[in-house]
Structures are given as C-alpha cells and as structure tokens.
Amino acid sequence: MTLQTEKDLAKLSQTEVQVTAMDLYTVDCRTKSAESTGDIFCVVEPPRRSTGRLLMHSLAMFGREFCYAVEAAFVTPVLLSVGLPKRLYSLVWLLSPILGFILQPIIGSASDYCKSSWGRRRPYIVTLGIMMLIGMTMYLNGDAVISAIVSDKTVKQTWAIVIVMLGVVLFDFAADFIDGPIKAYLFDVCSHQDKERGLHFHALLTGLGGALGYFIGAMDWGHTALGTLLGSEYQVIYFFSAVILVVFVIVHLFSIPEVPLGKEDSLNKESDTSLLLKPNVHSSGYGAVVKMPNGNHEPDIRPRSFSALSEANSITPSVKQPNQEFQRRMTVKSLMTAMLSMPAHYRCLCVSHLIGWTAFLCNMLFFTDFMGQIVYKGDPYAEHNSTAYQTYERGVEIGCWGMCINAISSASYSYIQQILLPYIGLKGLYFTGYFLFGLGTGLIGLFPNVYSTLTLCTVFGVMSSTLYTIPYNLISEYHQEAELQRMQEGKPLEDSRGKGVDCAALTCMVQLAQIIVGAGLGALVNLAGSVVVIVICASAVSLIGCLFVALFVRFVKYK
C-alpha cells in the first residue's frame with residue numbers, strides 16, 4: 001500500500017466521522033442520470049426513530065380526534081339548547097371551511113418557511129392547539145358562564161349563542177389546520193421507513209381517540225359525583241377533553257427533535273461538501289439511481305405507502321430536486337389553477353369525493369341531534385329541567401354510542417378492505433362503500449328505531465374508511481400509471497404532475513362539502529319541518545355517488 005493511498009484512506013475515514021457525527025441526520029446521495037457523471041445532489045436523511053418516539057409523536061392525533069369526536073357529538077345539541085333557531089344551526093359549520101379553503105394553502109406554505117428556533121412546525125402546532133382549547137372552552141362553557149353573569153333572559157340567550165358559535169368556528173378552524181403541521185413534522189424528522197410506521201401509528205391512534213371521545217360522550221356524567229362537582233355534563237366532557245388535548249400535545253412536542261430551518265440548511269451544505277469524496281454512500285437507498293450490470297443507470301422504483309395529507313402538507317424547501325426550481329409558495333390561485341387544469345379522470349375523482357363527503361357530513365354532523373329529536377322524541381328547546389329536554393339528552397348520549405360503533409367499524413373495515421381488494425378492486429370497494437352507506441342511512445330514516453339505528457351505524461364506518469383511503473389510493477395508481485408511461489416514452493419523471501397538488505385538491509373537496517352542507521341543510525330542515533330529512537338527504541346523495549363512481553371514475557388496469 002502506497003503512502004498516497006494511505007493518505008486518501010485517512011481523508012475518507014475523517015469524512016465518514018464527520019458525517020456520522022451529525023446528531024440528527026444521516027445522508028442519502030443520489031446521482032441524477034447516466035449523463036451527469038460526477039454531478040451529485042445530496043439529501044439530508046433523518047435517522048431511524050424508535051417505536052416509543054413515534055407513538056409519542058402520534059399522541060397529538062389521539063388528542064385531536066378525541067376533541068373532534070366531542071365536537072361532532074355535542075355542538076349541535078349545545079347550539080339548540082342555547083336557543084339557536086333551526087334555520088340557522090347548520091350555518092355554524094359554514095364559516096370554518098370557508099376560512100380553511102382560503103387560508104389552508106397559505107398557512108401550509110408559511111410553515112414551510114418558518115425560521116423559529118422551535119423549528120418550522122412546532123410553533124404552528126402550539127398556536128393551533130391553544131386555539132382548539134380556547135374554542136372548546138367557549139362552546140362547552142359559554143352558556144354556563146353567560147348565565148352566571150347576565151340575568152336578563154333575552155340578553156343571556158343572545159350572548160350565549162354568539163359565544164358558542166365563535167367557539168365552534170375557532171375550534172373547527174384550528175382542528176382542521178393542525179393536522180397538516182403534525183404530518184409535515186413527521187415527514188421532516190423521520191426517514192422513509194419511519195414515515196410509513198409513523199403514519200400507521202397516526203391512523204391507529206386517530207381511531208382510538210375518536211372511539212374514546214364518543215365513549216366519554218355516551219356516559220351519563222350528570223348524575224355522577226364528578227358531574228356534581230364540576231356543575232354539569234358539559235363541564236365534565238370539557239375537563240376530559242382539555243386534559244387529554246394539553247397533555248398529549250405537550251408529549252408530541254417533545255417526541256422528536258426538530259431542527260430549525262436555518263440550521264437544517266447549514267447541515268445540507270456541510271454534507272454536500274463532505275460527501276464529494278464519497279459519492280456512493282447509500283447509493284441503493286430509496287429513490288436512488290443504481291448502476292445495473294450492463295452499465296446502464298435505472299431509477300430504483302420501489303413500492304411506497306401513500307398518505308394524502310402528508311403529501312399535500314409536507315412539501316419542504318430543504319429537500320432539493322435536480323432540474324427543478326426552488327419550491328414556490330402555494331397560493332389559492334395556484335391551487336385553483338392546478339385543479340382546473342387536471343386531467344378528466346382526476347377531476348371525476350374529485351367530484352365523486354365531493355359527493356361522498358357531502359353525504360357523509362350530512363349525516364355525521366347532525367346524527368346525535370337526529371337521535372335526540374327523532375328516535376327518542378326529545379325537545380332541545382325545552383327547559384333544561386324538563387322531561388322533554390332530559391329525553392333529548394338521553395338520545396344524544398345514545399347517539400354517541402352510535403358514533404363509537406362507527407369508529408370501531410371504520411378501523412375493522414380497513415382490514416376487510418385488504419381481503420376484498422384482490423376480488424373487486426379499488427373501484428368495487430369505492431362503489432360498495434357508497435352503496436352500503438346510502439342503503440343504511442335510508443333505512444335509518446324510514447325506520448328510526450333505537451336498536452336498528454345503532455346496528456346500522458356500522459355502515460358509517462364503512463363509508464368513513466372508504467373516504468379516507470380509496471380516493472387517495474386511486475390518485476397513487478393514476479400517478480404510478482403516468483410515471484410508467486413517461487418512462488416508456490423516455491420523458492423525464494420530474495416534469496410529471498405532483499401528488500401534493502392533486503391530494504390538496506381532494507382535501508379541498510372535504511371543505512367544499514362542508515360549505516355545501518352548512519349553507520343548505522339548515523334551510524332544508526326548516527322547509528321540511530323535521531330533522532329526519534338529514535338522513536334521507538345523506539342517503540340520496542350517497543346513492544347518486546354510487547352511479548357517479550360506476551359511470552365516471554376510472555380504474556387503472558395493468559397489463
């Protein structure tokens with residue numbers, strides 16, 4: 001061995017020490033193409049995270065979904081109990097999605113560029129968590145606080161309605177937005193393998209949080225010692241919700257270290273310089289270009305998990321791609337332009353998603369009120385110490401049990417989908433979810449019996465699981481098909497459509513559906529004179545969605 005060779009090895013060893021000494025990151029280098037010899041672009045890849053850290057990170061989703069379940073179960077009964085007219089009670093669901101539709105891409109992009117010493121995502125998570133807590137405090141305690149301060153009945157009713165509505169809008173806005181930074185936080189600090197595990201834990205704890213939230217809401221706390229101590233059932237629910245949200249968000253914030261944006265960029269530059277002596281580090285990693293035995297270079301395409309929210313909300317400027325400009329900030333205008341210019345089969349999928357969420361929200365946002373008024377024949381406008389109002393509250397509690405059944409059914413059906421997929425495909429699963437939901441809600445509206453209604457709540461879980469999985473899997477298949485086609489035609493893959501924009505379009509359909517429900521359902525209930533029209537409307541829209549899925553949604557078939 002020559003002296004020069006020994007010096008080279010010493011330099012290389014020193015470089016390896018510099019790379020491995022980085023506390024928070026390892027490095028993944030990739031070549032661009034066969035023609036770009038020696039032109040390397042390096043991506044700082046986070047290290048593997050332990051299962052305990054990923055579970056701690058996922059607890060924020062548990063707390064969020066727990067509070068979401070409380071909102072879905074109690075907001076409509078609370079609004080009606082403070083005297084909000086029937087013709088207006090669906091409008092409370094209108095303001096938040098309008099704000100979200102306008103501000104979501106702006107705030108999501110702002111978190112990408114945040115230079116706080118806490119990191120990019122955690123300042124937004126803290127702010128939105130505080131907003132959730134304030135909103136929840138207002139809509140669950142507003143009536144009691146105003147009653148203690150104001151004696152005039154008319155003034156008390158007016159202020160109670162205002163405080164409760166503002167609380168609902170604030171909570172709903174913050175709860176909708178906090179999911180994006182949480183997912184982006186996961187993608188910023190985890191390696192590819194840990195992203196898959198982290199998303200699995202997110203889904204698991206989301207389901208558990210919703211189930212526990214509905215379970216707590218289904219308990220009769222008014223006649224317990226805790227209910228007597230805190231004052232009412234709503235205060236007990238608020239106590240559990242506030243404690244779970246605060247504790248789990250704090251645990252989430254301390255789960256995995258997050259590097260501020262400026263320091264992350266300096267680590268990128270350091271790794272780019274140090275790795276010029278070692279261009280083959282992790283050359284067979286995910287997304288790498290590997291050299292084949294025949295001397296050609298081919299992209300290493302491997303199966304990967306797909307999460308709509310993570311793709312849509314976690315675009316970060318620190319991970320640079322070859323032959324592309326620096327990541328531009330997403331605006332409402334750019335998002336709308338991308339939606340309008342998308343291919344026809346993408347647009348049809350968005351329309352079917354809009355139809356599905358419209359049907360689902362028609363039922364879910366007002367189901368506990370339906371149980372209280374139609375199934376149990378209670379009166380939310382009666383005096384709070386009357387039999388009619390107590391009967392209504394009992395119906396709301398049983399409605400929470402129905403929502404708990406829905407959460408359990410959703411988690412169970414996600415496994416059944418894997419069994420059915422080889423036999424009926426994604427489009428068959430899509431059609432089945434819409435059809436079962438339309439059939440089940442129709443039967444609930446025609447035969448509003450307690451036991452049959454609770455049994456048919458299982459179809460809500462089928463629809464929920466369908467909406468959260470199938471459309472995004474279809475988007476993934478569409479992109480995979482397009483990428484294979486571009487490879488066969490010899491076109492560069494970086495010029496293809498971005499998954500993030502298409503997933504953002506699907507996410508916007510959820511908000512648009514909430515706008516439609518909030519704007520129209522209250523007037524429909526007022527016109528019909530009964531809330532039974534809610535489940536009938538949900539059934540009709542879902543069955544229309546069945547036809548749309550069968551006729552217009554395209555299913556990818558590989559040769």
Side-chain angles (χ1 to χ4, degrees), residues 66-84 86 89 136 139-144 147 160 164 168 210-241 363-409 440-441 443-458 460-461 525 529-535 538:
F66 182 97
C67 296
Y68 242 148
V70 170
E71 183 202 34
F74 288 102
V75 162
T76 300
V78 168
L79 287 170
L80 295 181
S81 68
V82 298
L84 186 71
K86 286 184 178 180
Y89 82 139
M136 192 164 52
Y139 80 75
L140 285 176
N141 301 288
D143 186 26
S147 298
V164 171
V168 172
L212 183 60
Y214 289 122
F215 175 78
I216 295 295
M219 303 293 289
D220 184 10
W221 297 103
H223 298 88
T224 63
L226 194 57
T228 304
L229 176 65
L230 296 178
S232 72
E233 181 178 20
Y234 290 151
Q235 274 69 59
V236 175
I237 299 296
Y238 170 74
F239 170 76
F240 282 115
S241 302
N363 182 74
M364 298 302 292
L365 294 181
F366 306 99
F367 179 73
T368 53
D369 178 53
F370 169 81
M371 288 290 291
Q373 291 198 56
I374 302 301
V375 179
Y376 273 77
K377 305 187 185 306
D379 184 6
Y381 297 104
E383 294 294 331
H384 288 197
N385 58 354
S386 65
T387 302
Y389 184 78
Q390 292 175 359
T391 303
Y392 176 78
E393 279 196 324
R394 179 59 179 166
V396 171
E397 292 171 359
I398 298 301
C400 289
W401 283 113
M403 295 296 95
C404 188
I405 293 172
N406 153 62
I408 296 172
S409 171
T441 50
L443 291 174
I444 288 174
L446 294 175
F447 308 102
N449 177 271
V450 177
Y451 300 106
S452 63
T453 300
L454 290 177
T455 302
L456 290 170
C457 282
T458 54
F460 302 167
V525 170
S530 172
V531 293
V532 73
V533 71
I534 292 172
V535 291

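Worth knowing before you read on, the calculation uses all heavy atoms, side chains too, and leaves out hydrogens, waters and symmetry mates.
The salt bridge (charged side-chain N to carboxylate O under 4.0 Å, His left out) test applied to E397 returns R394, not counting sequence neighbours. For F370, there are no ring pair (Phe, Tyr, Trp, His ring centres under 6.0 Å) partners at least two apart in sequence or on another chain. Residues that satisfy the side chain to side chain donor-acceptor pair (under 3.5 Å) test with T458, not counting sequence neighbours, are absent from this structure. Partners of S386 according to the side chain to side chain contact (heavy atoms under 4.5 Å, CB included) rule, which considers only residues two or more places apart in sequence or in another chain, are A382, E383, A388, Y389. By the ring pair (Phe, Tyr, Trp, His ring centres under 6.0 Å) test, F66 pairs with no residue at all, sequence neighbours left out.
Listed by first then second residue, pairs satisfying side chain to side chain donor-acceptor pair (under 3.5 Å) with a partner in residues 211-225 read D220-H223, not counting sequence neighbours.
Contact of the F239 side chain with the Q235 side chain is not registered, since no non-hydrogen atoms from C-beta on lie closer than 4.5 Å. Using a 4.5 Å heavy-atom threshold, the side chains of S530 and I374 count as touching. Taking 4.5 Å as the limit, some side-chain heavy atom of F460 sits within range of a side-chain heavy atom of T441. A heavy-atom distance below 4.5 Å is not found between the side chains of V375 and I398.
A distance-only check finds no donor-acceptor pair linking the side chain of S409 to the backbone of I405 [under 3.5 Å].
For the residue pair N406 and G461, the shortest heavy atom distance occurs at OD1-N, 3.1 Å. When all heavy atoms are compared, the tightest approach of Q390 to N385 is NE2-O, 3.9 Å. The two atoms that bring M136 and S241 nearest to each other are SD-CB, 3.4 Å, heavy atoms only.
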